[in-house]
Amino acid sequence: MIAFIWKFKYVLLSCIVLVFTLAVIQLQTTNIYFESERILKYAEDVEVDYSKSNNEKNLFLVGLEYADSISFDEFLALKPLQEELDKNEYVKKIRSIFNDKRVLNSGLIPVYYNVLSLKDSIGHKKSLERIRKKKSSFLSSDFRKTLFLVETIDSLNKQQNQDFIETLKNTFESSAKKVYVSGQTRNELYIQSKVKEELLYTTLLSALLCCLVLWFFTSNIRFVVLTLLSVLFSMTISFYFSHLLFGGIELVMIIMPAILFIVCISDMMHLLNNRSNPKNKKEYFENQIRKVGIPVALTSFTTAIGFLSFCFSDVLPILRFGITTTLGILVSLFIVLVFYAICVDKIEGIGSLNSKRDEKLNNFLSKIIHLKYNWKLTALLFIMTGLSAVGIYNHEVNNYITDELNKKSEVYIEMQFFNDDFGGYKPIVFNLENNEDIEIEKIIQLEKYIISQGFFLDFSINGMFHNPDHLSKKIYSKLIKDGYRIKSRMQDIGANKSLIKVNNVKNKAKELNLNLKVGGRGYLFDQVSNTLTYEIVYGLFIAVLLIGFLFLIINDFNYKYFFIALIPNIFPILVCIGLMSFTGFYLSLSNAFIFAIIFGLIVDDSIHILSSFRFNIRQGLPKAEAINKSLSTTARAVVKTTIIVVVSLLPLLISEFKSVYQLSLLTITSAIIALIFDLIYLPILIRKYL
């Protein structure tokens, strides 16, 4: 295999370029998958009624904000705009303050009246007083904001939905100070539009910073270009695999470039780590691959194992993410080997690139090697252990609908408008089964209890009828004929708190002897997101154990290697979680993947040091000398890789996607902690236990 790569390196490069070209062409029209029902269908496994919650995809929330309380004349000007919108071919139904009615049920024939009166200014003023006493779902308490619930027809395509969103904004923008549009479809389209744009800009900026750091360490433009090309080809071809296999790219794959970037840069820097110049290029390449290539391949396989665990998920996007990332890591290993062969062939003196700066780094590592263990290091270890304990104790699994969004993004600001002023944007539906024996008093009690728990009712007996206690039996029978549905919304307070409130309502229903089932996308999200987060964490835990056992096997079943391979890799992650817990950090579906990336990075560094130690021992060196040599050679590449990764991930801190921002922050933090542990405490573990 090694001889084959060297002999046909330029043929292989031509094949890589050809596949890359095809990938670029195909990816220009690829799909970006982010339909939440593809995840919510997992609800079948958590016993949630998905079928009754699927119509919310067609619902748009339109909010108007005025500078002052909406005047009588402004209401008069606004009503024709709704009537105009109601004629739109895509609109199925509109609910607003203009058709919000109450029922006077004191007689054989019910009498309806509009909550908001627009007949004259006096009647209008009186209607506002009534609204102050019995709030409307469509008007804020300060009368400065109003809500429209717009339901569209089924089966609108992407372009039609985009056009309709623009229609909504254009219809109302001349009337109000600010127009807000939200809803599942709106949010999905926004995120899809930002994915490609952000992938391009952040990748280019990260590549630029990477160039500068690589140039600083090597002062060789050929090496910089070839390294970046290996990263670019690996990323693009990996996305191309997703396109070929699945017809598009999942949103969760937005973090895949960072994974492949770390893998490629780390592998290339470790392969470069040799202070001798080649006399025979082929022999130099083969020796370097035998010496460093094996641990490089090992680290790629261990990183792939971390993502292979996602391949067993029942959830389609996570399954695809696991398959594509695993293939991408293995492909990037092959591409790096080909490009390294070309580096050896084309770059003279490849073993001594920028040796002056290496000397400074060697002086630093020399101080680390001869560092005497003292109370300061003990105190540092004690602090990190304490932070690790805090991380374990305070860890929380929770999910918010806005977890993927940066708080400064346009769609987040729009969602918060409805969250703060109109009871929230998370739909919850309470379904009462058809039962003619249900007492009206019990339903009213349940509705009042639901309101007391913080839910905002869009449809209820309390809200629809002026005097629900005197509801006629005829009207009541019609309401419960096919089962009674209490449509509600709630604020995005997190899955944990939301589920507590829902369970409180369930218990209240049992107390009232009502057969209640819960649906709605908000409830589905709470149930599914937490379940999937735990699934990802458990998958990562299994991957960690597999890597430990793999290291046990390749080290002749010496059980000490199992613990020494895992402790330096798990400990920094726990310390990082401990640090982040002071900022309100929690594990969610959007960031649980990140720890697989972090673990892959950390494993990469520690395995290289352990592999170098084993190699030196097998060369007949005493333990102390073997450790010192490992630190003076392999640790040099570890430090360089960490610096490159940290600098190159900085652009991701300004990402509009929270998972990408957290990827950058958590990876940088964990990488620095891991570097400290690998340089100071890992050698101590090796000296004492191996």
Side-chain angles (χ1 to χ4, degrees), residues 360-395 541 544 547-548 551-552 555 558-583 585 595 598-599 601-614 616-617 621-643 645-646 665-690:
K360 294 180 180 179
L361 187 55
N362 288 339
N363 292 335
F364 167 75
L365 291 174
S366 178
K367 293 178 181 179
I368 296 295
I369 292 170
H370 299 97
L371 185 67
K372 293 184 178 180
Y373 195 82
N374 53 41
W375 67 270
K376 293 180 181 178
L377 296 180
T378 303
L380 178 60
L381 182 61
F382 180 79
I383 292 171
M384 289 196 294
T385 304
L387 288 171
S388 180
V390 169
I392 295 172
Y393 180 77
N394 288 334
H395 86 281
F541 179 73
V544 169
I547 291 170
F551 223 78
L552 182 69
N555 286 282
N558 185 338
Y559 72 92
K560 295 178 181 179
Y561 275 96
F562 178 84
F563 296 102
I564 292 179
L566 292 186
I567 290 174
N569 302 317
I570 298 175
F571 188 75
I573 294 177
L574 296 178
V575 174
C576 179
I577 295 175
L579 282 171
M580 296 301 295
S581 66
F582 293 106
T583 66
F585 175 81
F595 290 99
I598 294 172
F599 182 75
L601 170 65
I602 296 172
V603 163
D604 187 51
D605 291 342
S606 59
I607 284 180
H608 275 292
I609 292 175
L610 284 169
S611 298
S612 177
F613 168 74
R614 289 174 59 247
N616 292 331
I617 288 291
L621 295 178
K623 181 188 290 187
E625 189 176 342
I627 294 172
N628 292 345
K629 188 174 181 180
S630 296
L631 290 177
S632 63
T633 55
T634 305
R636 183 169 62 241
V638 169
V639 172
K640 288 180 178 179
T641 300
T642 302
I643 293 172
V645 167
V646 168
L665 181 62
L666 295 174
T667 304
I668 288 172
T669 305
S670 298
I672 294 171
I673 296 170
L675 181 63
I676 294 171
F677 198 93
D678 286 339
L679 294 182
I680 297 176
Y681 298 104
L682 179 58
I684 295 173
L685 290 174
I686 294 174
R687 289 188 184 99
K688 190 169 183 179
Y689 297 106
L690 292 183

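Here the structure is a predicted model, which means the values were calculated and not measured.
For the side-chain contact (heavy atoms from CB on, under 4.5 Å) test with Pro683, the passing option among Ile627, Asp678, Ile609 is Ile627; the others fail.
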Contacts under 3.5 angstrom, residues 374-392 side chains, donor-acceptor by atom type, not counting sequence neighbours:
residue, atom, partner, partner atom, Å
Asn374, OD1, Lys376, N, 3.0
Asn374, OD1, Leu377, N, 3.1
Asn374, ND2, Lys372, O, 3.4
Thr378, OG1, Tyr373, OH, 3.4
Thr378, OG1, Asn374, O, 3.2
Thr385, OG1, Leu381, O, 2.7

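Considering only heavy atoms from C-beta on, Leu666 comes within 4.5 Å of Phe585 through its side chain.
Closest heavy-atom contact between Ile617 and Leu621: CD1-O, 3.7 Å. The shortest heavy-atom contact between Pro568 and Leu682 is CG-CD1, 3.6 Å.
Asn628 meets the side chain to side chain contact (heavy atoms under 4.5 Å, CB included) test with Ile369, Arg687; sequence neighbours excluded. Taking the side chain to side chain contact (heavy atoms under 4.5 Å, CB included) definition, one finds that Val639 meets it with Leu361, Leu365, Ile643, Leu675, Leu679, sequence neighbours left out.
Of the inter-residue distances, the one linking Asn616 atom CG with Phe613 atom CZ reads 8.5 Å to the nearest 0.5 angstrom. With rounding to the nearest 0.5 Å, the separation of OG1 in Thr669 from CG in Leu665 is 4.5 Å.
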Ile567 and Tyr681: CA distance, side-chain angles, deciding distance, side-chain contact (heavy atoms from CB on, under 4.5 Å) verdict: CA-CA 10 Å; Ile567 290 174; Tyr681 298 104; over 6 Å; no
